[in-house]
Protein chains: 2
Amino acid sequence: MDKKELKKRELTESMKTYILENGLAKSSLRNLAKASDTSDRMLLHYFQDKEELMTDVLQAITQDLIQLLKANETGTWPLKTLIPYLSQMMKEPVIKPYLNLWLELMAEASKKEEPYYSAARDIASSFKNFYKEVLMVEPGQSKEHMDAFALVLVEGMVMMDALDFDDDIRNALGGLNELGEN
Amino acid sequence: MDKKELKKRELTESMKTYILENGLAKSSLRNLAKASDTSDRMLLHYFQDKEELMTDVLQAITQDLIQLLKANETGTWPLKTLIPYLSQMMKEPVIKPYLNLWLELMAEASKKEEPYYSAARDIASSFKNFYKEVLMVEPGQSKEHMDAFALVLVEGMVMMDALDFDDDIRNALGGLNELGEN
DNA sequence: AATTTTATGTAGCGGTTGCTACATGTATAA
DNA sequence: TTATACATGTAGCAACCGCTACATAAAATT
């Protein structure tokens, strides 16, 4: 492998950590450089510009997140088990940084700002694949429909979690159960 | 009424428009001033600092949004009617700027950044009140639960809408129907 | 009419941002 | 060994940011 490519991956690794801990807004070249024990000058030596750099790092973060999701994958679950489980998982300190970044990414994505829009769409697609693999569906329900339903529901919970609207997350879980049993 | 207070409201009005059209990121004092046909110097004459200014404008925007929601209020609706209706409403050009701003606000809120965190919580509370007034619940369902459920579901749809995941919104609506009828 | 308060302009400070020009050392290839 | 490519440092630019000091004109109050 190219020596330059190797260095890029090493840099990407440390920048990943910084971005997850500090968010996009604080991720200036100078800050990212400091976190990687180098200079902004060097970052722009290895990456053409900030956009290429962010594209690479966000892609790496996406891969990590997918790994994280797959790691806890143990078979398939019905909606009423999966959703409460995920709402609990959102509270995990390992997950929280990803959720914060996810929301920041969404804000950029809603303005169709690149490379954020593409990165956000990639991540959302990974979420969809996750449900595709892990969600068990009841007779009379379309798998495709319920996958999308789970996706939307969990995204909504992520938002409420960011506002510390924990009661509403709990209540919504209650609502989900009442919906399925009439 | 105070003459100064009157001028503040006039400025707030033009800044509202600018922020809705351009987002928080571009809302520097200089840009807001230009949009209000004045100078940053004058904005800081009428408002103590940028935080006070943003608090005022965001509050005004929140009020507008509440008005918008209430305007289309005609009685109460069951979940399966209300949610599809709202998912359509999200496509309205009048609404879109509010949704973009909402996501940008959420990104700040997730970092507990003031005044954005408070503003976002206020807006979310208004949403809750909206469902409280407009959502009709079926026997065996808790009103409180279903209000929160609607809130979460629609927020999730706002996110998917920002990514242009229209298929998934449609599919999720399908899923919602299948859930209620088994 | 004199005095005090308010409105507004001009200019700038100290900070951040992405990025670049220019230099020099250091490793690799001929 | 010499020539060429790569690595890295130093310094700075031009554009922003929120905010302030200083001045003056206009308006309101006494």
Side-chain angles (χ1 to χ4, degrees), chain A residues 1-16 18-19 21-59 101 104-105 107-108 111 113-119, chain B residues 1-16 18-19 21-59 101 104-105 107-108 111 113-119:
Chain A
M1 152 144 8
D2 204 341
K3 209 171 155 187
K4 183 164 179 171
E5 196 57 36
L6 219 91
K7 184 73 182 175
K8 274 178 90 164
R9 299 203 185 182
E10 181 198 321
L11 290 170
T12 302
E13 201 61 29
S14 47
M15 289 192 287
K16 253 171 40 186
Y18 180 87
I19 291 179
E21 276 174 7
N22 302 282
L24 294 179
K26 291 190 178 170
S27 294
S28 65
L29 288 176
R30 283 167 175 88
N31 283 345
L32 291 170
K34 218 179 297 169
S36 308
D37 200 30
T38 181
S39 63
D40 55 338
R41 170 67 182 72
M42 286 314 295
L43 288 185
L44 290 172
H45 176 68
Y46 287 106
F47 301 88
Q48 188 175 351
D49 53 21
K50 202 194 178 183
E51 179 165 338
E52 191 205 284
L53 183 153
M54 289 306 291
T55 303
D56 283 19
V57 183
L58 288 176
Q59 232 151 52
L101 183 58
E104 215 175 344
L105 220 44
E108 300 295 324
K111 305 178 221 158
E113 202 87 34
E114 291 293 358
Y116 305 112
Y117 178 68
S118 297
Chain B
M1 150 138 13
D2 206 339
K3 208 172 157 188
K4 182 163 181 172
E5 196 57 36
L6 219 89
K7 183 74 182 174
K8 275 179 88 163
R9 300 203 183 183
E10 182 198 321
L11 291 171
T12 303
E13 202 62 31
S14 46
M15 290 192 286
K16 252 171 40 184
Y18 180 87
I19 292 179
E21 276 173 8
N22 303 96
L24 293 179
K26 291 189 177 172
S27 294
S28 65
L29 289 176
R30 284 168 174 89
N31 283 346
L32 291 170
K34 219 178 298 170
S36 309
D37 201 30
T38 181
S39 64
D40 56 337
R41 169 68 183 71
M42 285 314 295
L43 287 184
L44 289 171
H45 176 68
Y46 288 105
F47 301 89
Q48 188 173 352
D49 54 21
K50 201 194 179 184
E51 178 165 340
E52 191 205 283
L53 183 153
M54 289 306 293
T55 304
D56 282 20
V57 183
L58 287 175
Q59 231 151 54
L101 183 59
E104 214 176 344
L105 220 44
E108 300 295 323
K111 305 177 222 157
E113 201 87 33
E114 291 293 358
Y116 306 110
Y117 178 68
S118 298

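By convention in this document, chain letters (A, B, ...) are assigned in the order of the sequence lines, proteins followed by strands, and residues within each chain are numbered from 1.
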Rounded to whole angstroms, how far apart are CD on B:E5 and C1' on C:dT6? 15 Å
Okay, side chain of A:E104, backbone of A:L24: is any donor-acceptor separation there less than 3.5 Å? yes
What's the CG-C1' distance between B:L44 and C:dG12, to the nearest Å? 15 Å
B:L6 has an atom CG; how far is it from atom P of C:dA7, in whole Å? 12 Å
State whether the side chain of B:N31 and the backbone N or O of B:K26 hold a donor-acceptor pair below 3.5 Å, judged by distance alone. yes
Between CG of A:N31 and P of C:dG15 the distance, given in whole Å, is 15 Å
Rounded to whole Å, how long is the line connecting atom CE of A:M42 with atom P of C:dG25? 17 Å
For DNA chain D, note the earliest and the latest nucleotide, 5' to 3', having some atom under 4.0 Å of a heavy atom belonging to chain A. D:dA7 to D:dG12
Electrostatic pair B:K8-B:E52, nearest N-O below 4.0 angstrom: yes
Which heavy atom of A:S28 sits nearest to which heavy atom of A:K50, and what is that distance? CA-NZ, 4.3 Å
What heavy-atom pair brings B:L44 and B:L29 nearest, and what distance separates the two atoms? CD1-CD1, 3.8 Å
Tell me the interatomic distance from A:L29, atom CG, to C:dG15, atom C1', rounded to whole angstroms. 17 Å
Ignoring hydrogens and angles, does a donor from either the side chain of A:D40 or the base of C:dC19 sit under 3.5 Å from an acceptor on the other? yes
Let me know the distance between CG of A:L24 and P of C:dG18, rounded to the nearest Å. 12 Å
Round to the nearest Å and state the distance from A:R41 atom CZ to C:dG25 atom P. 16 Å
Within the structure shown, what part of the strands sits under 4.0 Å from A:T38 by heavy-atom distance: base, sugar-phosphate, or nothing? nothing
Would you classify A:Y46 as touching base, sugar-phosphate or nothing, given that sugar-phosphate means primed atoms plus P, OP1 and OP2, and contacts are heavy atoms under 4.0 Å? sugar-phosphate
Grab the two heavy atoms, one from A:A33 and one from A:D40, that are nearest each other, plus how far apart they are. CB-N, 3.3 Å
Under 4.0 Å from OP1 or OP2 of C:dT17: is there any side-chain N or O of A:S28 that close? yes
Of A:R30 and A:S39, whose closest DNA chain D nucleotide lies nearer the 5' terminus? A:S39
Would you say A:K50 reaches C:dT17's phosphate, i.e. side-chain N/O to OP1/OP2 under 4.0 Å? no
Between B:L53, B:L32, B:V57, which is the residue that forms a side chain to side chain contact (heavy atoms under 4.5 Å, CB included) with B:S27? B:L32
